[in-house]
There are 2 protein chains.
Amino acid sequence: MVSKVNSREKILQTASRLFQLQGYHGTGLNQIIKESGLPKGSLYHHFPNGKEELAIEAVQYTSKFIEENLQKLMNEKEGPVEAIQAFIRDTASQFDNLEDIKGIPVGLLASETALISEPLRNACMQAFKNWQMIIAKKLIQNGYEKEEATKKGLLVNSMIGGGIMHSLTSKDKTPLLVIMEVIPLLIEKKG
Amino acid sequence: MVSKVNSREKILQTASRLFQLQGYHGTGLNQIIKESGLPKGSLYHHFPNGKEELAIEAVQYTSKFIEENLQKLMNEKEGPVEAIQAFIRDTASQFDNLEDIKGIPVGLLASETALISEPLRNACMQAFKNWQMIIAKKLIQNGYEKEEATKKGLLVNSMIGGGIMHSLTSKDKTPLLVIMEVIPLLIEKKG
DNA sequence: GTCTATAGGCAGATAGAC
DNA sequence: GTCTATCTGCCTATAGAC
């Protein structure tokens, strides 16, 4: 049936947005069903293990969205520096109006749940690793050794996460833009 | 009375630790009073406006602790690079055993409450600004222009916040240590 | 100022009709 | 598969005895 996949997708979409902005504990199932327009029974039909299962799938949903964007930029841009800077610029532009946020990395949820739910922590960690690998792969294609590329991928990932946190707190994209500026200092040209 | 200031201090200390680790929504007043060993009436006596007021003071409590540590390192070390690296090393070492955490910057709480409480957001922002200024001041003493020093202070702040987030999620201090490694690339010697 | 008991509301989760 | 009504428990907050 069509309505089945649509309702599941609708819940995931709504949950992903709310979890990104409000975090795990700050987002209630009642808010998710209210905003998605679906009844609670539908949520528990699609996610029988409740909130934790929904959050894990929401993290993966967000992660996939970001992976696609990131990979697209890696393909479009010639060098890794330009690609990473473009990704940060895109992320920063979302802070112009936070209401219709599309996809920001899952740092808030990750920090919140790292100590209380191993499955959720693993989902967040996997998301981080995927982004890291996309960056590292591009660096390797541009002459980096594998080990150094992996490390730089981790570094860029952490920096973007911190920039988002500061931009969110100050309601100002400057922190992210300052990070964007220094990327060339960290990712030097090779080969 | 002595017990008065002690009970207030005890609540703040417990609340600060729990808010840092579990966030705002993840930490209940019941847990705070249980761990601090004080009755709920005492909490509301010292913080009549409830949880939000307590969280604001807890942020300031944590912030002050970090300010003192950071300033101490700035005084001890000759150059800003060494001082910043020492601070990151100290922060990273707390991830060896998270149970008795002393002070990690307030990123989790900041992200969670940025969109729901202006007073709390302002408290977090003020904390960030104080740390930024301590770093900037040291940079100015070492030959930096004021504007550039302020920008680097913001950068270092964001990076540390992101490193903490990643270290927390991966339960591994490597992300923070990678950030520590690249500080010399970002803070070059002047004068 | 200290402490207990409890109010009032919302959370996550479930039962069961359709 | 869809939807509503409801349970249980925890949350913040308060009243009021001592």
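Chain letters run A, B, ... following the sequence lines, proteins first, then strands; residues in each count from 1.
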Gap between atoms [atom1] and [atom2], on [X] and [N] respectively (whole Å):
X	N	atom1	atom2	value
Y44(A)	dT6(D)	OH	P	18 Å
I33(A)	dG12(C)	CD1	C1'	11 Å
F47(A)	dA13(C)	CZ	P	13 Å
K40(A)	dA11(C)	NZ	C1'	8 Å
I32(B)	dC11(D)	CD1	P	11 Å
L29(B)	dT14(D)	CG	P	11 Å
Q31(A)	dG12(C)	CD	C1'	14 Å
L54(A)	dG12(C)	CG	C1'	12 Å

Review point. When you check the phosphate oxygens OP1 and OP2 of dT2(C), does a side-chain N or O of H46(B) lie under 4.0 Å from one of them?
Key: yes
**Study point:** Among dA13(D), dG12(C), dT2(C), the nucleotide that comes nearest once only the side chain of K51(B) is considered
**Key:**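 Of dA13(D), dG12(C), dT2(C), dA13(D) is nearest to the side chain of K51(B).
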**Study point:** Given dG12(C), dT4(C), dT2(D), the nucleotide with the shortest approach to the side chain of H45(A)
**Key:** dT2(D)
Practice item. Map N30(A) and G41(B) onto DNA chain C by nearest heavy atom, then report which one ends up closer to the 5' terminus. Key: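 In this pair, the answer is G41(B).
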Study note, to complete from the structure: Correct closest heavy-atom pair for N30(A) and K40(A) would be OD1-NZ, 2.8 Å
